[in-house]
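Per chain, numbering begins at 1; letters A, B, ... match sequence-line order.
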Number of protein chains: 2
Amino acid sequence: MKKRLSIKDIAQQLNISITTVSFILNGKAKEKRISNLVTDRVLRLVEELDYKPNQIARSLRTGKSKIICLMVEDISNAFFSSIARQIEENAFDQGYKIIYCSTENKPEKTRELIKMFRERNIDGYIISPPEGIKEDIQSLLDDKIPVVLFDRLIPGLLTNYVMIDNFDATVNGVKHLIDQGYLNIAFITLDSQQTQMKDRLDGYNQVIKEHNLNSYVHKVNYASPYNQHVSSIASYINEHPIIDAVLFSTNYLATRGIDAINTINLKIPADISAVAFDDLDFFKLYQPTITAISQPVEEISKKLIDIILKKLESNLEENDPSEVILPTQLIVRNSSCRN
Amino acid sequence: MKKRLSIKDIAQQLNISITTVSFILNGKAKEKRISNLVTDRVLRLVEELDYKPNQIARSLRTGKSKIICLMVEDISNAFFSSIARQIEENAFDQGYKIIYCSTENKPEKTRELIKMFRERNIDGYIISPPEGIKEDIQSLLDDKIPVVLFDRLIPGLLTNYVMIDNFDATVNGVKHLIDQGYLNIAFITLDSQQTQMKDRLDGYNQVIKEHNLNSYVHKVNYASPYNQHVSSIASYINEHPIIDAVLFSTNYLATRGIDAINTINLKIPADISAVAFDDLDFFKLYQPTITAISQPVEEISKKLIDIILKKLESNLEENDPSEVILPTQLIVRNSSCRN
DNA sequence: TAAAATGGCTAAAACCTTTTAGCTAATTAA
DNA sequence: TTAATTAGCTAAAAGGTTTTAGCCATTTTA
């Protein structure tokens with residue numbers, strides 16, 4: 001194993017100083033009045049020897065890493081993994097690397113992760129935050145480390161975010177069901193205080209109230225396993241046989257809900273109608289196809305990376321936070337149309 | 001923004017040397033004969049001030065990072081994202097961090113990623129390698145950096161791996177279909193030379209030959225988009241109406257294949273039977289439920305992390321590579337049983 | 001012609017650790 | 001009583017950058 005090249009080697013081979021090489025490699029040749037002759041020589045040798053600066057050393061000196069951290073609730077959720085893929089792709093070109101991790105919605109784990117990343121000079125954070133980490137995020141902001149939130153906000157925290165219009169999303173979903181003639185519409189959601197969940201619930205409540213319908217809200221525990229969700233939803237629907245349509249507030253609640261509906265031998269949409277959140281491949285493919293509230297994954301990713309890169313590159317201390325709210329799209333399919 | 005604490009601050013506050021503090025923090029107090037008195041004082045102060053060593057500086061000095069890289073084909077594929085989740089969880093406890101990335105099966109991208117990680121002193125690699133990066137992996141091995149491959153091998157490369165028995169997997173799948181009375185069994189796969197794909201094909205061929213059946217192998221281009229796969233599969237099935245069963249060699253080929261079968265208005269299993277690779281939630285839930293070859297995701301993850309940690313901790317230069325081959329399980333469901 | 005500005009480069013500090021080699025004082029062995 | 005060992009600690013180098021402050025020679029300005 002040969003020793004790795006260092007900037008010193010380059011300097012020595014050309015009989016010039018380390019400083020000069022560093023200036024040239026950092027594009028400061030002109031600014032620092034290094035002659036073209038020397039500049040060319042250096043660049044040529046660097047190319048020839050395929051010298052790459054040691055990023056660790058660089059990071060130690062500069063406090064930067066050219067790495068952005070993407071913290072999502074669960075990397076194995078299709079919504080989040082699509083976002084991850086898209087963001088990675090975009091950042092790569094810009095010279096930034098992305099590292100992802102799953103918070104599992106646990107504040108302690110999230111806190112640990114942030115701590116660890118701070119020790120490693122991560123430049124910026126894109127986060128779908130769990131509840132209870134307001135202080136940790138605030139502390140990042142206090143240290144002028146760019147943060148962009150997505151999927152949900154932290155109330156009372158002034159920072160960049162990219163959201164969807166959750167309220168509007170469920171409003172459309174419920175209205176659609178009402179248009180189709182359903183009158184006893186259930187809303188299956190999580191026992192969570194997260195903003196996106198509240199907004200989705202509010203949207204449901206609003207329309208139900210407007211139309212003087214009965215409200216059927218069932219909340220399941222976020223942390224419970226697959227089967228418990230299935231049986232909880234199955235029981236709820238069983239106990240309220242009048243329910244003729246269901247709106248699910250997340251993609252996995254929808255798949256679990258469909259499982260539940262199958263379990264109790266109801267047919268979609270003949271016996272009960274269904275609308276899901278997020279447009280998974282599954283929903284396009286399932287028979288009947290499932291009506292879904294589709295989030296603009298590509299746009300979300302693009303906005304996220306745009307914002308974080310802008311903040312990273314601009315050293316303007318106090319530019320206003322970027323606040324983006326994107327619309328969702330209701331994709332009507334068979335699961336919500338009885339005829 | 002207060003300046004971050006450094007080891008120097010600790011040393012100064014206690015009027016002792018940096019060296020002493022470092023020894024204590026690295027658990028070498030006994031070995032280096034530091035008195036209990038001093039040791040306790042240091043630990044107390046470190047605790048009190050919540051001092052964390054700067055990992056960048058540490059990494060610069062030691063050449064280690066306590067980070068393992070997990071390179072998968074596509075992080076948004078459920079198989080890979082489950083593996084990612086499990087590995088992350090396991091590593092966390094052991095003091096290692098995981099960073100993931102997607103290779104998209106592109107050798108150039110993979111090469112770039114490896115290069116970048118090497119610049120950052122990543123300690124070890126868990127990789128589902130694309131074709132054409134043998135040299136890059138070999139170069140890691142030459143530098144004594146632990147690598148564990150999974151999902152597929154690189155022929156002629158001697159290193160650790162965790163595989164499943166792909167040959168056996170398709171053998172079981174095809175045999176099951178034959179048992180069910182199907183005689184014109186198609187195999188839909190990729191135009192790929194990757195070992196796992198070859199093995200799956202070999203398994204199919206073997207059984208087909210043994211039973212003197214006609215072979216129907218259709219290969220689609222890996223890089224093509226969703227819709228092109230769907231139409232390619234649909235055409236193939238349409239052109240071979242005699243086909244009464246299909247075995248898909250990956251999870252996404254199966255979902256796309258189901259889409260294709262729907263498109264051409266065939267019914268599963270009445271018109272055509274189906275067996276998928278990987279046991280996605282989708283396959284359990286779809287109506288009819290889809291027979292699937294299930295990979296032991298949990299075991300794979302566990303083995304992967306065990307092996308890499310063992311290699312990282314043991315400085316025994318040349319211990320034999322760990323070679324693990326796990327069995328798959330055929331989960332029979334409705335999609336492959338006509339009656 | 002002297003003073004100021006510019007061009008072209010560099011020495012050394014700083015970033016924060018780990019680790020080697022070694023020092024002094026106290027204890028033990030001979 | 002002297003030599004060797006041990007206990008308890010530390011100075012300084014090393015790891016590879018970036019960046020500040022500044023040097024010397026040449027050119028421009030006054």
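We find that CZ of R41(B) is positioned 14 Å from P of dG8(D), with the value rounded to whole Å. Rounded to an integer number of Å, the gap from N54(B) CG to dA14(C) P is 17 Å. Note: CD (E31(A)) to P (dT18(D)) measures 14 Å, nearest angstrom. Rounded to whole angstrom, the span from the CD1 atom of I18(A) across to the P atom of dA13(C) amounts to 14 Å. In this structure, L25(B) atom CG and dT18(C) atom P are separated by 7 Å, rounded to whole Å. Rounded to a whole Å, the CZ atom of R58(B) is 13 Å from the C1' atom of dT19(C). Remark: P of dC16(C) and NZ of K64(B) are 24 Å apart, rounded to the nearest angstrom. Protein atom NZ of K8(A) is 10 Å distant from nucleotide atom C1' of dA14(D), rounded to whole Å.
You'll find the side chain of Q196(A) stays beyond 4.5 Å of the side chain of S128(A), heavy atoms only. Between R120(A) and I67(A), the closest side-chain pair of non-hydrogen atoms is not below 4.5 Å.
Looking at heavy-atom distances under 4.0 Å, R33(A) makes contact with a base. Note on T19(A): a base of the nucleic acid sits closer than 4.0 angstrom, heavy atoms only. Residue contacts shown for T62(A) are limited to sugar-phosphate atoms, with no base heavy atom under 4.0 Å away. Using a 4.0 Å heavy-atom cutoff across all strands shown, I56(A) reaches no nucleic acid atom at all.
Using a 30° and 60° split on the angle between ring planes, F150(A) and F80(A) fall in the perpendicular class, above 60°.
Within the structure, every side-chain polar atom (N or O) of Y51(B) is placed at least 4.0 Å from both OP1 and OP2 of dC16(C). Between S17(B) and dC9(D) there is no side-chain N or O to OP1 or OP2 distance below 4.0 Å. Remark: N26(A) is in phosphate contact with dT18(D), judged by side-chain N or O atoms under 4.0 Å from OP1 or OP2. Taking 4.0 angstrom as the limit, S35(A) places none of its side-chain polar atoms (N or O) nearer than this to OP1 or OP2 of dG8(C).
The side chain of S6(B) sits closest to dT17(C) out of dT20(D), dT17(C), dC9(D). For L60(B), whose side chain is taken as the heavy atoms from C-beta onward, the closest listed nucleotide among dT17(D), dC16(C), dG15(D) is dG15(D). Side-chain atoms of F23(A) lie closest to dT19(D) of the nucleotides dT17(D), dT19(D), dT18(C). Distances were taken from every side-chain heavy atom of K28(A) (C-beta onward) to each of dT17(C), dT19(D), dT17(D); the shortest belongs to dT19(D). Picking from dC9(D), dT17(D), dC16(C) the nucleotide with the shortest atom distance to the side chain of V38(B) gives dC9(D).
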Kindly determine whether Y96(A) and D123(A) satisfy side chain to side chain contact (heavy atoms under 4.5 Å, CB included), including the steps that lead there.
CA-CA 9 Å; Y96(A) 278 87; D123(A) 292 347; 3.8 Å; yes
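A salt bridge links E104(A) with K106(A): at least one charged nitrogen is closer than 4.0 Å to a carboxylate oxygen. Remark: E88(B) engages K109(A) in a salt bridge, criterion side-chain N to carboxylate O under 4.0 Å.
Axis deviation across the helix from dT1(C)-dA30(D) to dA30(C)-dT1(D) amounts to 50°, comparing end segments of five pairs, rounded to 10 degrees.
Comparing I16(B) and K32(A) by the nucleotide of DNA chain D that holds the closest heavy atom to each, the one mapping nearer the 5' end is I16(B).
The base of dT17(C) does not come close enough to the side chain of R61(B) for any donor and acceptor atom to sit less than 3.5 Å apart.
Under the salt bridge (charged side-chain N to carboxylate O under 4.0 Å, His left out) criterion, D136(A) pairs with R111(A), not counting sequence neighbours.
Heavy-atom minimum distance, T110(B) versus P130(B): OG1-CG, 3.3 Å.
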